[in-house]
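The structure appears right after this line, and notes come after that.
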Amino acid sequence: MTESQFKAARDLPSNHLLGSGTAMCAGCGGLGAVREVYDVLGENTIFINAAGCMTLLSVYPFTPFRGSWLYTAMASAPAGAQGVRDALDIRLAQGTLTKDEDLQVVVLTGDGSAGGMGLSATSAAIDRQLDFIYLCYDNEGYGNTGQQTSAATPHGARTATDPQAGGLPGRKKDLFAIWTANRPAYAATALAAEPLDLARKIETARDLTGPRLILTLAPCPTGWGFEPARSVEIGRLAVRTGIFPLKEYIDGRVVHNRIPHPRLPVEDYLKTQQRFAHLFEPRRDEKRIGEIQAAVDAYWQEVEENNA
Amino acid sequence: MYRIRFHGRGGQGMKTASRLLGTALFKSGLEVQDAPKYGAERRGAPMLAFVRADRRPIHERGTVVSPDLVLVADETLFQVPVAGVMAGVKASTVLAIASQKPENVWRDRLKIDSPIYVLPQSEAADDEIPDVSALIAGAAARLTGLVSQEVLRQAVEEEIAPYGPKAVAFNLRAAGEGFGAMAAGEGSVGESLDQGADSYDKPDWIDLDLDLAATAAPNVYAAANSVLVRTGLWRTLRPVLDPENCGKCVWVCGSSCPDGVIGVDANGYPDIDYQHCKGCMICVVQCPRHAFAAIPEQDAAEAAQAAQMAQMEGTAS
Ligand SMILES: Cc1ncc(C[n+]2csc(CCOP(=O)(O)OP(=O)(O)O)c2C)c(N)n1
Ligand code: SF4
Ligand SMILES: [Mg+2]
């Protein structure tokens, strides 16, 4: 592999490809990730967008993109990507499209689609070794429709469909593990709050072929309940508390590229968001906070044992 | 029929205000419609909500175009044409504005004879879009003269209950405050007649010549034409740079901005595109040297205007 073009934060692109004027909320962590992904992938990128917040990026007659964008139903973005990839391959074979004009095919999807309705189409695309990037912005709920519970909602979070005292009794589905169990060309977790790490991972994904996952945690002021100004800080806290591990799957191995030391207590993260406020008021819910901390501790203990 | 329109920004609770008033009017024995109207815009974006109430069945549909009462939660919206605060306002329309400026200032600014009531508003915390739903709903209830304070209380309790006792208590207090503040205007809102479909002015036909798509709709086919949408209108706070404190590490603030509206100027300083900055204030928080200040949009706009005037006078003399 060639050396990264992004050696330090100052190498990050300062001119942005994605047009401003989009309808995403102020402080949207998902938009921050999409903007950077587009900067690194460049203009020759086509997005296939599963219904969700990001489908409002491109509302006729306006688009922030410099090329094509395809809107699909929640369940079928990978199928849409297959069609686009096939069409491009046919034209390459015909000689009506040059290698330089070829496009990077990117599915843009929320976690609701990715961990729910879209899972079957994604699984089939991996089976077929579809050459595409699967970019999921995980705001841990059905953001566009008012933050209902999704397969990616974390334990204890309150959502529009889990308003009860303890929040969601269930646990977050592990999309990264589902992907890596199927031996994709690449998989990585990242987030806009760590732009250098994100840029390097996109760069790596860009230069590979086959199914590639970029799973970004997307702090969502509207759905999680925090002031937009804290979006980046909350993303970093997710990393520093160990709740959101930064990792890469490459050449058949998972590597953690940031082991938080020391690991901050999970409540430093939970306390910043309204969706977890019930864990602290009117009185501390020691049981649930303990459960969340224990799950994080167990995860990192396993990482350490595997590394030892 | 009573036609009532609420104007605010996403996050200020105007959808809830219309709901609270709608429920209160319904409990007072009227037929009611209440609905919010907003596009794909989000928090901070101008939006409106409306209520229709009548003692007879309501057949009218769609947005209220000819209001009897207009409530404005955010005074900066008067300067935002797309917000349409004054649309369809007639001499009999009552206006209620949440503002720290007195009635005569508004009469002077708006140049209208309509009754104007000012809803005194406490200074909002700098980092927040205050939720004024119950305050505005309470004011609206009093101005219509159709709702008793007891029924208003029931409506707030019923609608806010899912958000817990703390929210209920807060909103009961706010609704009472709004109701109390409008004592002088009690019942000042009048009914206007039903508008049958045939009473609307029919639009004139416009003949559009057929042009080539490339000239008729060049913007539709342009790359990144979303820049034509001015999301700067969402902003309630403006990040303003103090170059004295800035270390020109533009990659820090630049890459923290989700909307990518921070560029670099000729001297290496961050350059914010205010036409599109949504006012999230991430740059203010992220800058390690605290070089950005968060200035209320109103003050920043006035200061910028004054500076421009001074410059023009300078070049004229
Ligand atoms: C089959 C189907 N069911 C429901 C919807 C309504 N819907 C539109 S967006 C959305 C939420 C999607 O959640 P997610 O994928 O996490 O994206 P987000 O909105 O959070 O960006 C839903 C339920 C739909 N478009 N299609
Ligand atoms: S709801 Fe959340 S994810 Fe959706 S646009 Fe708003 S901030 Fe972004
Ligand atoms: Mg989601």
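To find a chain, count down the sequence lines: A is the first, B the second, and so on, and within it residues start at 1.
Contact of A:L12 with chain B is made through the side chain alone, with heavy-atom distances under 4.5 Å. Only the backbone of A:C28 has a heavy atom closer than 4.5 Å to any heavy atom of chain B. Neither the backbone nor the side chain of A:P163 comes within contact range of chain B; no heavy atom of the residue lies under 4.5 Å from a heavy atom of that chain. For A:R35, the part sitting under 4.5 Å from any heavy atom of chain B is the side chain, from C-beta outward, and nothing else. Proximity to chain A is limited to the side chain of B:V264, based on heavy atoms less than 4.5 angstrom apart. Only the side chain of B:V285 comes within contact range of chain A, with heavy atoms under 4.5 Å apart. Only the backbone of B:C257 has a heavy atom closer than 4.5 Å to any heavy atom of chain A.
Side-chain N/O atoms of A:T153 and A:E140 include no donor and acceptor closer than 3.5 Å. A side-chain N or O of A:D197 and one of A:N257 form a donor-acceptor pair less than 3.5 Å apart. In this structure, a donor-acceptor pair under 3.5 Å is absent between the side chains of B:R19 and B:S133. B:T76 and B:Q79 share no donor-acceptor pair across their side chains, judged by distance under 3.5 Å alone. Under the 3.5 Å distance criterion, with hydrogens and angles disregarded, no donor-acceptor pair is assigned to the side chains of A:Q147 and A:R158.
Residue pairs satisfying the ring pair (Phe, Tyr, Trp, His ring centres under 6.0 Å) criterion with at least one member in residues 29-54 of chain A, sequence neighbours excluded, are listed as follows: A:Y38-A:F47, A:Y38-A:F65, A:F47-A:F65.
Ranked by non-hydrogen atom pairs under 4.5 Å with chain A, the options B:T231, B:V252, B:I262, B:D273 are led by B:T231. Counting heavy-atom pairs under 4.5 Å between each of B:G263, B:A223, B:P258 and chain A puts B:P258 at the top. The candidate from B:M281, B:H276, B:R235 with the greatest count of non-hydrogen atom pairs under 4.5 Å with chain A is B:H276. Of the listed residues (B:G232, B:C249, B:S255, B:C277), the one with the most heavy-atom contacts under 4.5 Å to chain A is B:S255.
Residues passing the side-chain hydrogen bond (donor to acceptor under 3.5 Å, both in side chains) test with A:D162, sequence neighbours excluded: A:T149, A:Q164. The side-chain hydrogen bond (donor to acceptor under 3.5 Å, both in side chains) search around A:R230 returns A:E233, not counting sequence neighbours.
Counting non-hydrogen atoms of other residues, nucleotides and ligands closer than 6.0 Å to CZ of A:R10 gives a total of 12 or fewer. The neighbour count for A:N15 CG, taken as heavy atoms of other residues, nucleotides or ligands under 6.0 Å away, does not exceed 12.
Scanning residues 160-173 of chain B against chain A with a 4.5 Å non-hydrogen threshold yields B:K166, sorted by number.
Of the listed residues (B:L21, B:T16, B:V72, B:L48), just one forms a side chain to side chain contact (heavy atoms under 4.5 Å, CB included) with B:F6, and that residue is B:L21.
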